[in-house]
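Here is the structure we will look at, set down as structure tokens.
Letters go in sequence order (proteins before strands), and every chain restarts at 1. All values below come from the heavy atoms of this structure, side chains included, with hydrogens, waters and symmetry mates left out.
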Number of protein chains: 4
Amino acid sequence: MAKVSQAHLDARRRSILDAAAKVFAEKGVAAATMAEIAQEAGISPGAIYRYFPSKEDLARGCMQGSAEAVKAAWQHPEQVETDFRTLSRATFAELERPGADADTRLLLERALVAVRDDDAAMVEEFGTELQRIVRGVAFLLRRDFGARLEGLDLEALAQALYSFYWGARFMRLMAPEAVAPTRQLEALQALMEAAFTADRESDSTER
Amino acid sequence: MAKVSQAHLDARRRSILDAAAKVFAEKGVAAATMAEIAQEAGISPGAIYRYFPSKEDLARGCMQGSAEAVKAAWQHPEQVETDFRTLSRATFAELERPGADADTRLLLERALVAVRDDDAAMVEEFGTELQRIVRGVAFLLRRDFGARLEGLDLEALAQALYSFYWGARFMRLMAPEAVAPTRQLEALQALMEAAFTADRESDSTER
Amino acid sequence: MAKVSQAHLDARRRSILDAAAKVFAEKGVAAATMAEIAQEAGISPGAIYRYFPSKEDLARGCMQGSAEAVKAAWQHPEQVETDFRTLSRATFAELERPGADADTRLLLERALVAVRDDDAAMVEEFGTELQRIVRGVAFLLRRDFGARLEGLDLEALAQALYSFYWGARFMRLMAPEAVAPTRQLEALQALMEAAFTADRESDSTER
Amino acid sequence: MAKVSQAHLDARRRSILDAAAKVFAEKGVAAATMAEIAQEAGISPGAIYRYFPSKEDLARGCMQGSAEAVKAAWQHPEQVETDFRTLSRATFAELERPGADADTRLLLERALVAVRDDDAAMVEEFGTELQRIVRGVAFLLRRDFGARLEGLDLEALAQALYSFYWGARFMRLMAPEAVAPTRQLEALQALMEAAFTADRESDSTER
DNA sequence: TATGAATGAGCGTTCATTCAT
DNA sequence: TATGAATGAACGCTCATTCAT
């Protein structure tokens, strides 16, 4: 075939990733076979190895780049014109997107494998992202609700919200017929508003 | 060899399950081998098949019965003398117990497998437990905070809290150095109290 | 099958080694397949792995223990009642034994692999054996021919004889119709005797 | 592209052979890959097949033409002004040349393959060369040492010396730290001289 | 002619499962 | 009943070879 344009190669790479993501999501990384992925991608098993050195790498490759925009926004909220409420909603709206469940499946599976195999790099990556996002959450909470947070353990609260996010993803995966993540978020936001607004009112009362 | 007491057989079955749970949690179901489990249980690989027809069945058998007491309490809060705050704390305290992470690993993995393989029975089971617990949460919230919840989407809030619980488990697994689940819980409870207490105060103010 | 006698296991191990030696000799280690060896041994491929952890180990296992008696004699000539001429003949007689060529093939192949892959342990082993045998050769030469060796580089001569041994093995392998190793040996021994006997005679002449 | 000069094609063929010889010597024929050879030769894998129909053929092509001068001299000693001692030394000096070990490796490997696969042509070739060289050795021995060889099995001795040559090559490959081939040769030549010189003296004595 | 992406058969190895003992 | 040796299908991966460009 010789000298195929880079665009062709990139497209092929993409199609392999897509096929892999589909098969991995369907069967799990362990149960999926390279032959299946190849078939799904319409190529031969051997060809995959020109693009990815191993099944493991292919699996890793499947995980990158979902909901990048939202992730970036949380990590650098000061660079984005947004507020906590809006960004939260956008984030949870992402979970309603078709394919979000497949992403969750894959993400959770990879996370479990990483922990199990003591894949330091991967765990580290997760930890770093966690930290950054939690920092972003805290930043937005402080900016949006300011002094009213006084007395609250802000870091713990931010992490609790992050936990809630992951739990909601998991919940949606396991029980699609349950209350939607967005509605859960609304409930929690209502709670927060009640807490913060109330504070203010009680403050004003005290004055 | 002939007749062996039923108690003996049950004990053997139990010891296989324990061994399997340990190995599965360590390596994941896919990576664990029957030989390992047999060794851990102190029997031969062949013997396992007298008690479980396949590895998959063995894996299914492993998932039952961790933190039963707490689960039961949430599902039937009216039969237990407890309140939301106390039961929450007990629940999260469980997560600090050694072995809790292994349980989380196993639970998540099995959950993923169940969804993946469309294991209706298993998904159903998860869904049922979810419903019952959420109902229990809602029950306790209402009993403990009563009228102050007015205007809140109680069911959604209860589910959000359940999501938070699972997210916190996952978080702890992935990033043990992050804020402990219990501290996250404290933060969230502080928020709730602020919201509800404030409500009362603002109510009283308004009156 | 359970509890099979150790003798059975040993026999099985032996039969695998025999099958492997045969196939390896026929096709070379690289070209031989585990499936072939299994078939030759009358078992399944998987069964081999209960006895040898890898093809490589199996190949190593094939190399041990050929002509052990002779090797031992050269390495410890002082413990054996023998002389250079007798032991040499016995050594070369071994090469006429059926199967000797297959051994040579295997030995040379393994040696090449060892050098190529920088298998330090294996190369070391060869080097050690070389040293010991050369020492033995030198020992016997000195004991049998004594003072008449004066002026000769004994170590170099011993090594030359060892080289000759290996070359003769190789020669026989490559050109079976050429002069037999034993006849080559005779020629060389005649040369040695001429040299040493002559020395004596010339000595006596000088006196 | 059309017509390329024959010289060009030959040069290309040569460069492929060189590359192949290098890679084969480094890794062995089995472990070497066509891709590696292509890279070493600075062309594409596909191009090799314009010059050699298969890897095996390429390997065969690699064996020709090392130390041609010395080989020719042994095969036609009457056409060269030399004597046994000098030619032997030149031959063994070749073994000290850098790259000699790689040649030995390749030669031995190919020889083993030839025997294994019953490659009649190749074995034949080796046999023919053997015969010719042995004849040359015998010729030189007779010319240089003449009558003093009486009673010796000249053909066997010549073959023994050829065996020694190959053994020394092998030895040097396997145990570079052992006594150098040239020193082994010296020892053997000293032995021969002792034998032949002695003979003369004893002859003269007898007369 | 040369390229190099693609093929696909084939390998070593694993391990759930079976079954003779 | 328990054993554990044996099975054999299946997998990830390699690489000599082909052929569209």
Kindly say if Tyr51(B) contacts the phosphate of dA2(F), meaning a side-chain N or O under 4.0 Å from OP1 or OP2. yes

Interatomic distance where CD belongs to Gln39(B) and P belongs to dA16(E) [whole Å]: 14 Å

Rounded to the nearest Å, what distance is computed from the CZ atom of residue Arg50(D) to the P atom of nucleotide dC19(F)? 12 Å

Rounded to the nearest angstrom, tell me the gap between atom OH in Tyr49(B) and atom C1' in dT7(F). 13 Å

Given dT17(F), dG12(F), dT17(E), which nucleotide is nearest the side-chain atoms of Lys55(D)? dT17(F)

Return the 5'-most residue of the pair Pro53(A), Ser44(B) with respect to DNA chain F, ranking by each residue's nearest nucleotide. Ser44(B)

For Gly46(A) and Ala30(C), find the nucleotide of DNA chain E closest to each by heavy atoms; which residue's nucleotide sits nearer the 5' end? Gly46(A)

In whole angstroms, the gap separating P of dA16(E) from CD1 of Ile37(B) amounts to 8 Å

Which part of the nucleic acid, if any, lies within reach of Ala32(C) when heavy atoms closer than 4.0 Å are counted: base, sugar-phosphate only, or nothing? sugar-phosphate

If we ignore hydrogens and angles and just use 3.5 Å, is the side chain of Glu109(D) paired with the main-chain N or O of Val29(D) as donor and acceptor? yes

Could you go step by step and tell me if Met34(B) and Tyr49(B) meet the side-chain contact (heavy atoms from CB on, under 4.5 Å) rule? CA-CA 10 Å; Met34(B) 294 300 264; Tyr49(B) 288 83; 3.5 Å; yes

Determine whether the side chains of Ser54(A) and Asp57(A) contain a donor N or O and an acceptor N or O closer than 3.5 Å. yes

Can you check the Lys27(D) NZ to dC15(F) C1' distance for me, whole Å? 13 Å

Output yes when a side-chain donor or acceptor of Lys27(D) lies under 3.5 Å from a complementary backbone atom of Thr33(D), and no otherwise. no

Would you mind reading off the distance between Leu58(D) atom CG and dT17(F) atom C1', rounded to a whole angstrom? 14 Å

DNA chain E in dot-bracket, Watson-Crick or G-U pairs under 3.5 Å, [ ] crossing, | other strand? .||||||||||||||||||||

Measure the spacing between CG of Leu112(D) and CZ of Phe170(C) and express it to the nearest 0.5 Å. 6.5 Å

Protein-nucleotide distance (Ile48(B), atom CD1; dG4(F), atom P), rounded to Å: 13 Å

Nearest nucleotide by nearest heavy atom, which residue falls closer to the 5' end of DNA chain F, Ile43(B) or Ile43(C)? Ile43(B)

What is the separation between atom CD on Glu36(D) and atom P on dC15(F), rounded to the nearest whole Å? 8 Å

Using only side-chain N and O atoms of Arg12(C), determine if any of them is under 4.0 Å from OP1 or OP2 of dA6(F). yes

Taking the nucleotide of DNA chain E with the nearest heavy atom to each, does Glu56(C) or Ala47(B) sit closer to the 5' end? Glu56(C)

Count the heavy atoms of every other residue, nucleotide or ligand shown that sit under 6.0 Å from NZ of Lys22(B), and state whether that count exceeds 12. no

Return yes if a side-chain donor-acceptor contact under 3.5 Å exists between Thr104(C) and Asp101(C), otherwise no. no

